[in-house]
Amino acid sequence: MTFREPYLFDEAVSGQVDLFARETFFVSYFEERIGGDIVLGKWFSEYLSGSVSLLRERLTISNDLASKLFLGGGGTTNVPVSDLPPLIQQQIGTTTTDAIILAIARDTRDLYLDPSNGARYGFTLEFAGGPLGGTNDFYKATGDSVWYFPVVWDTVFSPRARLGVAHAYESGSRLPVGDRFFVGGIQTVRGFTFGRAGPTASDFSPLGGASSSSSISTISSPLRPTSR
Amino acid sequence: MKGVAFFDYGKGFDDGESLSLNLRPATGFELRWISPFGPLRLAYGFNLHPRTGERPGQFEFSVGTLF
């Protein structure tokens, strides 16, 4: 659920509040996140924008799949905690994240939905815990660049490069598994199921990476002439 | 409706593993349609160097998310 005010206090600053509850299933375990954030965004020029977000969320990692509405009915049984990957065993339970997220982007794409020219460069830095509170203390940095080059006959060549690093900076603290990088799947590296182009457990449950690197190159072309 | 050919190259690195350019390659094709329900994608990718237990290819779809 999102509330957004594009011109907060009559300034060129946008304000946004998000409230969310989501569940992600990772084969033998699942993660639930309930929380909210406040986002202040600003356009510095025609192409350059930035935002500051404050995030507070409660995370639960559980193996209790049988109690889940969609999975429990399908005869899914719980994997015993002792059979879960060690990384997940350590994270079973509930934690909280209080974080500040800084994002900056330069966007010169000609269209938002189906661009054929331009580029978008984005950089995001998340800092969680420490003086902000919460039980999870980590930082996370991600960069994402995508370019669009028109070739011939409405065909567009689009390379994209992404890099991410995350680290729990307090000894004894943790980087929540859902904040790790899941490479593999239609949003990252196609040809792999979700997260499987990265660390996996022996049962192939994706565990996520502490860092990630990927490049995808795409050539797209209309399958019928566009009406003009 | 658009037809797409792709070459993807990426990896998630475990704790203590250093970032490198030794990534996992895949190639394939995709159909995209900006439908009334949002962008629709159907993709088939070939895992070019499958490891033991990995399938040689993977079919995937997504609705509502951008490319």
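Naming: A, B, ... by sequence-line order, numbering from 1 per chain.
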Hey, are [X] and [Y] close enough for a salt bridge, meaning a charged N less than 4.0 Å from a carboxylate O?
| X | Y | result |
| --- | --- | --- |
| B:Asp15 | A:Arg180 | yes |
| A:Asp179 | A:Arg33 | yes |
| A:Arg190 | B:Glu30 | yes |
| A:Arg174 | A:Asp137 | no |

query: Does A:Tyr29 have any ring pair (Phe, Tyr, Trp, His ring centres under 6.0 Å) partners at least two apart in sequence or in another chain, and if so, which?
result: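 By the ring pair (Phe, Tyr, Trp, His ring centres under 6.0 Å) rule, A:Tyr29 matches A:Phe26.
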task: For A:Asp144, enumerate each residue passing the side chain to side chain donor-acceptor pair (under 3.5 Å) test, keeping only those at least two apart in sequence or located in another chain.
output: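 With neighbours one apart ignored, the set is A:Arg160.
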Measuring heavy-atom distances to chain A, does [X] have an atom under 4.5 Å in its side chain, in its backbone, in both, or in neither?
| X | answer |
| --- | --- |
| B:Leu48 | neither |
| B:Tyr9 | both |
| B:Pro25 | backbone |
| B:Tyr44 | neither |

query: Under a 4.5 Å heavy-atom cutoff, which of B:Arg51, B:Glu54, B:Met1, B:Glu17 has the most pairs with chain A?
result: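 When all of B:Arg51, B:Glu54, B:Met1, B:Glu17 are compared, B:Met1 has the most.
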task: Give the member of B:Pro50, B:Gly45, B:Gly16 that has the highest number of heavy-atom pairs under 4.5 Å with chain A.
output: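 Option with the top pair count is B:Gly45.
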- prompt: By a 4.5 Å heavy-atom criterion (distance strictly below it), what part of A:Thr193 contacts chain B: side chain, backbone, both, or neither?
  reply: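 When you check distances to chain B, atoms from both the backbone and side chain of A:Thr193 fall under 4.5 Å.
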task: Could you tell me which portion of A:Val146 (side chain, backbone, both or neither) has an atom closer than 4.5 angstrom to a non-hydrogen atom of chain B?
output: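 Contact with chain B involves no heavy atom of A:Val146 at all.
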query: Is the backbone of A:Gly134 close enough, under 3.5 Å, to the side chain of A:Asp98 for a donor and an acceptor to pair up by distance?
result: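 Between the backbone of A:Gly134 and the side chain of A:Asp98 there is a qualifying donor-acceptor contact (under 3.5 Å).
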task: Heavy-atom pairs under 4.5 Å with chain B are the metric here; pick the option from A:Gly195, A:Pro199, A:Gly209, A:Gly198 that has the most.
output: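 Greatest number of close heavy-atom pairs with chain B: A:Pro199.
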